[in-house]
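In what follows, chains carry the letters A, B, and so on, assigned in the order in which the sequence lines appear, proteins first and then strands, with residues in each chain numbered from 1.
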2 protein chains.
Amino acid sequence: MESRIERLCIDNGLKMTGQRRVIARVLSEAEDHPDVEELYRRSSALDKRISIATVYRTVRLLEEQGILERRDFGGGRARYEPSGHGHHDHLIDVETGKVTEFEDDAYHDMLQQIAHRLGFDLISHRLELFGRRRNKPQSDQRAASETLPERTKR
Amino acid sequence: MESRIERLCIDNGLKMTGQRRVIARVLSEAEDHPDVEELYRRSSALDKRISIATVYRTVRLLEEQGILERRDFGGGRARYEPSGHGHHDHLIDVETGKVTEFEDDAYHDMLQQIAHRLGFDLISHRLELFGRRRNKPQSDQRAASETLPERTKR
DNA sequence: ATAGGTGCAAAGCATTTGCCGCGGT
DNA sequence: ACCGCGGCAAATGCTTTGCACCTAT
């Protein structure tokens with residue numbers, strides 16, 4: 001069984017080694033935004049002979065190929081998610097560290113206008129909200145959340 | 001002559017040493033978003049006996065006191081700006097690396113609403129636009145820009 | 001006087017890289 | 001067979017810290 005990301009790797013003409021296959025599978029199955037350490041943990045669980053250096057190299061390679069996207073939610077470690085589940089941004093729960101994704105269509109035009117007013121064409125943006133859960137959360141929006149690993153730095 | 005930030009330090013009951021006074025002055029006069037290295041450079045120019053460790057310590061202290069704000073524009077180094085020139089976000093010119101500030105009042109409500117829909121109270125946010133300069137920039141908005149130091153990492 | 005600040009160099013962390021044997025294609 | 005890949009450990013870049021001395025208050 002070939003994972004979604006393995007397929008993408010092959011299509012991009014990447015050499016598929018054992019460790020890459022495992023990492024591709026882990027990424028394909030990830031529903032969150034794991035950092036390298038976490039990817040290494042999950043990959044090691046499937047195949048002991050993977051070094052963290054390889055995870056770093058692979059993750060960088062896949063990012064260059066546009067297969068992965070790097071995120072920076074603060075805390076000093078990069079986090080990754082597969083490309084192509086549409087434009088979305090993130091809300092981080094400041095107490096638990098959980099990340100919730102949300103669609104950004106509503107205000108994308110507004111950002112574009114802001115850029116235009118300043119004399120620029122908008123190429124991309126980065127938006128993160130930091131919030132605290134309210135007593136009675138109402139869920140009228142699909143949103144998956146996860147736990148943010150404890151930060152080491154700072 | 002006592003700089004604006006030195007005043008804030010005193011008001012917050014911080015012990016004012018020679019090096020802190022110099023760093024406070026440099027920060028008070030900064031119109032950009034310098035990183036620690038840059039602050040060290042500017043401070044050293046005024047007083048040779050300042051170590052970069054002290055700049056790191058001071059900058060962290062001032063951030064904890066709410067006098068400074070840390071920014072992360074990517075590139076692996078923190079950048080700082082004095083607190084309290086109002087809510088604003090940043091647009092980064094992808095070609096030159098220049099940073100332009102802009103006001104965010106217009107869409108702040110919208111962000112709040114998004115957070116609410118997801119069941120959160122909005123505490124803060126981070127918004128960065130990346131754009132390319134257009135031929136004829138129209139300037140109807142106060143905006144200062146600067147050059148982004150070359151990134152070392154990635 | 002004394003709590004806290006400073007310089008220096010070493011330690012920490014996340015990430016990258018050199019070297020060299022190994023494995024896809 | 002050939003070129004790229006992976007493991008390991010050393011290197012890197014930013015930031016923090018232990019220690020011994022120094023200085024505002």
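Not one side-chain nitrogen or oxygen of A/R77 sits closer than 4.0 Å to the OP1 or OP2 atom of C/dC13. In this structure, B/Y56 reaches the D/dT15 phosphate: one of its side-chain N or O atoms is under 4.0 Å from OP1 or OP2.
The interatomic distance linking A/E37 (CD) with C/dA14 (P) rounds to 6 Å, in whole Å. Computed from coordinates, the B/N12 CG to D/dA24 P distance equals 20 Å when rounded to whole Å. Remark: P of D/dG6 and CZ of A/R49 are 12 Å apart, rounded to the nearest angstrom. Separating the OH atom of A/Y40 from the C1' atom of D/dC8 is a distance of 11 Å, rounded to the nearest angstrom. Distance, A/L14 CG to C/dT25 C1': 13 Å, rounded to whole Å. Atoms CD1 (B/I52) and C1' (D/dT15) sit 9 Å apart, rounded to a whole Å. Between the P atom of C/dG5 and the CD1 atom of B/I50 lies a distance of 15 Å, rounded to the nearest Å. Put simply, NZ on B/K48 is 18 Å from P on C/dT6, counting in whole angstrom units.
The side-chain heavy atoms of A/R71 and A/E69, taken from C-beta on, include a pair separated by under 4.5 Å.
To the nearest 0.5 Å, the span separating CZ on B/R21 from CD1 on B/I10 amounts to 7.0 Å. To the nearest 0.5 Å, the span separating OG1 on B/T100 from CG on B/D89 amounts to 12.5 Å.
A donor-acceptor pair shorter than 3.5 Å can be found between the side chains of A/E81 and A/H33.
If you check distances only, the side chain of A/R57 never reaches the base of D/dG4 with a donor-acceptor pair under 3.5 Å.
Side chain of B/R60, nearest nucleotide from C/dT6, D/dT16, D/dC8: D/dT16.
At a non-hydrogen distance threshold of 4.0 Å, A/K15, A/T17, A/Q19, A/R20 from residues 15-26 of chain A come into contact with DNA chain D.
For B/H88 and B/F102, the ring centers are positioned 6.0 Å apart or more.
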From CA spacing to verdict: salt bridge (charged side-chain N to carboxylate O under 4.0 Å, His left out), A/R4, A/E6: CA-CA 6 Å; A/R4 190 178 81 83; A/E6 178 176 353; over 6 Å; no
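Heavy-atom contacts from other residues, nucleotides or ligands closer than 6.0 Å to CZ of B/R7 number more than 12.
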